[in-house]
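Atoms within a ligand are numbered from 1 in the order they appear, just like the ligands themselves. Keep in mind that this is a model prediction, so the values were computed, not measured.
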Amino acid sequence: MRILVCGGAGYIGSHACTVLAGRGHDLLVADNFANSSPRVLERLRRIIGAPVFFQQADLRVRADLDALFDGPRFDAVVHFAALKAVGDSCRRPLDYFDNNIAGTIHLLQAMQAAGVKRLVFSSSATVYGDPDSVPVREDAALRTTNPYGRTKLVMEQLIGDLCESDPSFHAANLRYFNPVGAHPSGLIGEDPGGVPDNLMPYVSQVAVGRRERLQVFGGDWPTVDGTGVRDYLHVMDLARAHADAIDYLAREDRSLTVNLGTGRGVSVLELVRAFAKASGREIPYEIVGRRAGDVAQVYADPSLAQRLLGWRAELDVEAMCRDAWRWQSMNPDGYGSAAVDEAAAGEVASQHEWDALAAG
Ligand code: NAD
Ligand code: UD1
């Protein structure tokens with residue numbers, strides 16, 4: 001299939017590209033690099049073994065969307081493009097509403113105008129807020145606690161309304177739990193700008209010596225060891241789910257909403273110990289007060305994804321830590337670490353070449 005990958009230069013999108021290309025799909029990556037590096041495209045070329053077709057585009061700009069859809073028709077769109085930092089969304093909510101919600105509306109309008117009827121959408125466990133019970137099923141109450149989460153919920157709802165209005169339009173709404181880890185090559189991975197908000201990138205940066213010690217937010221939660229419990233999921237398992245969702249939409253001609261997680265809760269200290277073992281590095285930490293808005297434990301019931309997509313997570317916490325560490329140690333400064341690129345300069349194909357390929 002010909003697939004448009006919006007936000008494909010980002011953390012999860014880039015990993016999904018490796019799996020989608022591996023299944024023989026032709027990809028056009030669109031991104032505005034709001035939270036990613038052009039270097040990703042070069043790294044992807046090395047992993048995939050072929051040029052990555054790329055078009056710089058901002059989903060808020062209609063002319064950019066017109067340019068994207070001005071070619072042979074896409075069979076599906078995978079939509080990763082969003083701003084995703086919870087704290088940042090509290091400081092500038094309008095930017096999040098504009099980028100995430102308005103960007104999605106423009107994308108859906110462009111799809112509708114072009115007659116593209118399949119969408120895979122990146123939703124999040126954030127739509128469950130503080131769930132009443134775990135494991136969380138898809139029919140749990142939806143109640144988010146911050147502007148970022150509200151954008152995800154609104155996007156889910158407007159995609160749902162579009163599916164209702166047009167019976168031939170189908171969406172796979174994928175609610176990710178906590179994606180971590182990296183491609184086994186160590187060439188692509190998570191590269192947060194500034195101080196990482198999330199646990200795994202923070203731990204990795206402590207291990208590599210970029211940060212002194214981890215602050216563990218709360219040691220008095222009602223959990224196995226008093227620290228927060230989450231459902232960490234290897235990004236390559238998550239990437240595979242997107243290819244499975246595309247197959248589902250093509251095969252079943254119907255929409256779905258599924259959780260993507262392992263179904264297993266892991267505490268902060270369990271993750272720290274696993275990372276120390278995988279990296280052979282000590283991870284100094286101190287237990288501090290709880291982070292505002294945090295919850296004790298959240299993990300998925302992923303059985304619906306298994307039933308509908310035939311998907312289940314296969315990689316364990318050891319593999320997540322091993323691959324996160326390989327990425328971090330090969331790229332101590334993320335995509336700013338030039339040594340890996342200097343080894344192989346390559347090319348990124350243009351939209352023009354994509355059109356030529358797609359045309360025949
Ligand atoms: P990311 O920031 O690494 O990737 C998002 C990509 O979208 C970036 O490359 C960014 O430059 C691009 N982008 C943002 N706004 C854009 C716009 N207006 N036009 C074009 N490109 C734009 O984030 P990620 O971790 O890869 O997350 C991908 C998706 O998954 C997001 O929608 C996010 O909300 C969702 N999600 C992420 C997590 C997580 O923990 N990483 C968890 C649940 C859901
Ligand atoms: C975060 C997002 C959430 C998103 C989810 C999955 C926030 C507030 N929420 O939540 O919207 O859906 O990721 O990507 O960012 N921790 C520490 N020290 C740290 C960082 C984290 O102890 O420096 C702890 C947290 O308290 C938590 C666990 O580690 O118990 C995981 O935290 P994090 O990686 O931020 O994920 P979520 O809290 O699930």
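Remark: ligand 2 atoms within the under-4.0 Å shell around heavy atoms of G228 are 30 (O). Within the listing of ligand 2, atoms 11 (O), 12 (O) sit less than 4.0 angstrom from a heavy atom of T126. Applying the 4.0 Å criterion to heavy atoms of S124 picks out, from ligand 2, the atoms 12 (O). Near D197, with a cut-off below 4.0 Å to any heavy atom, the atoms of ligand 2 are 20 (C), 35 (O). Which parts of ligand 2 touch V216 is read off a 4.0 Å heavy-atom cut-off, strictly below it: atoms 22 (O).
Close N/O approach between K152 and ligand 1 is found [any backbone or side-chain N/O within under 3.5 Å]. Note: no N/O pair closer than 3.5 Å links P179 and ligand 1 by distance alone. When only interatomic distances are considered, the shortest N/O to N/O separation between A34 and ligand 1 falls below 3.5 Å. On a distance-only criterion, Q215 and ligand 2 share at least one N/O pair closer than 3.5 Å. Where the criterion is an N or O separation shorter than 3.5 Å, residue side chain and backbone included, D58 meets it with respect to ligand 1.
Around atom 24 (C) of ligand 2, the closest heavy atom drawn from V295, V180, V268 belongs to V268. Nearest to atom 30 (O) of ligand 1 by heavy-atom distance, out of Y11, Y176, F80, is Y176. For atom 26 (O) of ligand 2, the choice among D294, V86, V206 with the nearest heavy atom turns out to be D294.
Between F177 and ligand 2 there is a heavy-atom distance shorter than 4.0 Å. The shell of residues lying under 4.0 angstrom from ligand 2, judged by heavy atoms, includes Y232.
In this structure, Y202 has its ring center no closer than 6.0 Å to that of Y285.
Ring geometry for F121 versus H79: interplanar angle of 30 to 60°, hence tilted.
Ion pairing between R62 and D66 fails under the 4.0 Å rule for side-chain N and carboxylate O. No salt bridge links K84 with D197; every basic N to acidic carboxylate O contact stays at or beyond 4.0 Å. We find that D316 and R264 are not joined by a salt bridge, their nearest charged nitrogen and carboxylate oxygen being 4.0 Å or further apart.
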